[in-house]
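Side chains are part of it too, since the values below use all heavy atoms of this structure and drop only hydrogens, waters and symmetry mates. On a predicted model such as this, the values are computed, not experimentally measured, just so you know. In each ligand, atom 1 is the first atom listed, and ligand 1 is the first ligand listed.
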Amino acid sequence: MQLPRQMSEWAAGFDLHAAVEAPVVLSPGERALIPTGFAMAMPKELEAQIRPRSGLAYKHGITCLNSPGTIDADYRGEVKVLLINLGQEPFTIERGERIAQMVFQRVPQVVLEEVSELTDTLRGEGGFGHTGK
Ligand SMILES: O=c1ccn([C@H]2C[C@H](O)[C@@H](COP(=O)(O)OP(=O)(O)OP(=O)(O)O)O2)c(=O)[nH]1
Ligand SMILES: [Mg+2]
């Protein structure tokens, strides 16, 4: 099985290939966990995000249900892609097809601290569109 790879010099994403034994047909509305045939050990400062490919989304309505998927640095299992068909037609995933892409990110090492009061800001508790349309 082809390992993840960048399809252009400065591509942010490494394309992931479907390691399915036989073609998988996704009916409209159906989801499936697709194997990619590889596992990895990242430095602990990194995560990997599994993101949809825009071409599959635009042409066929195929996207990642849990987008962006999170691969933890301590995960040692096979990387899998949770695809869903939001299109109108059945979609067939062929072995070796590029189904999603993986982007690496640095993860700040954060220690949460519990406090009884928060600092003031102009926004305060306003959110969810409180600044208007
Ligand atoms: O698209 C994805 C998302 C996750 N994973 C793997 C790697 C990740 O480190 C692990 C757990 O993912 P996540 O934390 O999103 O799922 P969870 O439901 O919280 O499971 P867990 O309790 O195992 O953390 O599953 C994938 O292979 N593909
Ligand atoms: Mg988790």
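- Set against the non-hydrogen atoms of Gly69, the atoms of ligand 1 under 4.0 Å away are 1 (O).
- Nearest to atom 27 (O) of ligand 1 among the protein's heavy atoms is Lys80 N, 3.0 Å.
- Taking the six-membered ring where the residue is Trp, His60 and Phe91 present tilted rings, their angle falling between 30° and 60°.
- For atom 5 (N) of ligand 1, a protein non-hydrogen atom is found at a distance below 4.0 Å.
- Put simply, the side chain of Arg53 never gets that close to the backbone of Ile99: no donor and acceptor are under 3.5 Å apart.
- Looking at Val79, Asp74, Ile71, Thr70 and measuring to atom 26 (C) of ligand 1, the nearest heavy atom belongs to Ile71.
- Inside a 4.0 Å radius of atom 24 (O) of ligand 1 there is not any protein heavy atom.
- Contacts with ligand 1 closer than 4.0 Å are made by side-chain heavy atoms of Asn66 only, the backbone lying farther away.
- Nearest heavy atom pair, residue Leu26 against residue Ala32, reads CD2-CB, 3.6 Å.
- Atoms CD and CZ, from Glu47 and Arg106 in turn, are 12.0 Å apart once rounded to the nearest 0.5 Å.
- Checked options Arg98, Arg5, Gln2; the residue passing with Asp15 is Arg98 (criterion: side-chain hydrogen bond (donor to acceptor under 3.5 Å, both in side chains)).
- Contact annotation for atom 17 (P) of ligand 1: protein absent (non-hydrogen atoms, distance under 4.0 Å).
- Just one of Ile71, Asn66, Leu82 meets the side chain to side chain contact (heavy atoms under 4.5 Å, CB included) condition when paired with Ile50; it is Ile71.
- Connection of Val24 to Met1 is not established within any shared hydrophobic cluster, with ILVMFWY side chains joined at heavy-atom distances below 4.5 Å, either directly or through further cluster members.
- For atom 21 (P) of ligand 1, the nearest protein heavy atom lies 4.0 Å or farther away.
- At the top of the distance list for atom 14 (O) of ligand 1, counting protein heavy atoms only, stands Asp72 OD2, 3.8 Å.
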